[in-house]
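Reading through the structure tokens given below for one structure.
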Amino acid sequence: MKKQKIIFWVTTGLIFLMEGILPALTSQTEMAKEGISHLGYPEYFGTALVVFKVLGALSLIIPQVPKRIKEWAYAGFAFDFIFASISHFAVDGMDFQSFFPLIFLGILTASYLSYHKINSTN
């Protein structure tokens, strides 16, 4: 049980940092805006994406959030990582940027599985 809690908090903490904190701090930089436009998305899409990422990250990290909301956050991040990978692959071809979101999909999966193992034993 202790091992599952450690896995959960480490993986969820990584997701929180990369999908909650980092986008909130960097979304209005020129590099972030260029990244969104490079992929062919309008600027408002980047703003909406950041809002949902921060809300989703908060819902994963705050223990009092209902389980159903957490499930939606996990699903949203899974879609985000899959479609980010597809977007980068379609625009830039097969490079590191195309696979980087899939690494975080693996981290998200570890968080999700450990979350369910912790809650199934309670």
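Throughout, numbering of the chain's residues begins at 1 and tracks the sequence. Treat the numbers as computed from the prediction; the structure is a model and nothing was measured.
Distance alone, capped at 3.5 Å, is enough to place a donor-acceptor pair between the Ser85 side chain and the Ser98 backbone. Asn119 places a side-chain N or O within 3.5 Å of a backbone atom of Tyr115 that can act as its donor or acceptor partner. Between the Thr12 side chain and the Trp9 main chain, no donor and acceptor come within less than 3.5 Å of each other.
The aromatic rings of Phe96 and Phe100 lie tilted to each other, with the angle between the two planes from 30° to 60°. A perpendicular orientation is assigned to the rings of Tyr74 and Tyr112, their planes being inclined by more than 60° (bins at 30° and 60°).
No donor-acceptor contact under 3.5 angstrom links the side chains of His116 and Gln4, judged on distance only.
For the atom pair CG of Leu113 and CD1 of Ile7, the computed distance is 9.5 Å after rounding to the nearest 0.5 Å. Rounding to the nearest 0.5 angstrom, the gap separating the CD1 atom in Ile62 from the CD1 atom in Ile69 is 11.0 Å. To the nearest 0.5 Å, atom NZ of residue Lys67 and atom CD of residue Glu71 are 9.5 Å apart. One distance of note links CG of Asp92 with CZ of Phe89; it measures 10.5 Å at 0.5 Å rounding. Between the OG1 atom of Thr109 and the CG atom of Leu105 there is a distance of 4.5 Å, given to the nearest 0.5 Å.
Within the 4.5 Å cutoff, side-chain heavy atoms of Lys33 are placed close to those of Gln28.
Ile36 and Leu22 fall into different hydrophobic clusters, where Ile, Leu, Val, Met, Phe, Trp and Tyr are joined by side-chain heavy atoms under 4.5 Å apart, directly or via other members. Transitive grouping of hydrophobic side chains (ILVMFWY, heavy atoms separated by less than 4.5 Å) keeps Phe52 and Ile15 in distinct clusters. Linking Ile, Leu, Val, Met, Phe, Trp and Tyr whenever their side-chain heavy atoms come within less than 4.5 Å leaves Val54 and Trp72 in two separate clusters. Connection of Val50 to Leu55 is not established within any shared hydrophobic cluster, with ILVMFWY side chains joined at heavy-atom distances below 4.5 Å, either directly or through further cluster members. Leu58 and Val51 sit in two unconnected hydrophobic clusters of ILVMFWY residues. Membership requires side-chain heavy atoms under 4.5 Å apart, directly or through other members.
The list of ring-ring contact (aromatic ring centres under 6.0 Å, His included) pairs with a residue in residues 14-43, not counting sequence neighbours, reads Tyr41-Phe45.
Residues Pro101 and Ala84 approach most closely at CG-CB, 3.9 Å, considering heavy atoms. Residues Ser59 and Lys70 share a closest heavy-atom pair of O-NZ, 2.8 Å. A pairwise comparison of heavy atoms in Ser87 and Leu39 identifies O-CD2, 3.8 Å as the closest pair. Looking at every heavy atom in both residues, Phe77 comes nearest to Lys53 through CZ-O, 3.5 Å. Annotation for Ala78 and Leu108: closest pair N-CD2, 3.5 Å, computed over non-hydrogen atoms.
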Set out, in order, the CA-CA distance, both residues' side-chain angles and the distance that settles side chain to side chain contact (heavy atoms under 4.5 Å, CB included) for Glu19 and Leu60, then state yes or no.
CA-CA 11 Å; Glu19 296 298 312; Leu60 292 183; over 6 Å; no

Go through the steps to decide whether His88 and Phe99 satisfy the test side chain to side chain contact (heavy atoms under 4.5 Å, CB included), and finish with yes or no.
CA-CA 9 Å; His88 283 286; Phe99 291 102; over 6 Å; no

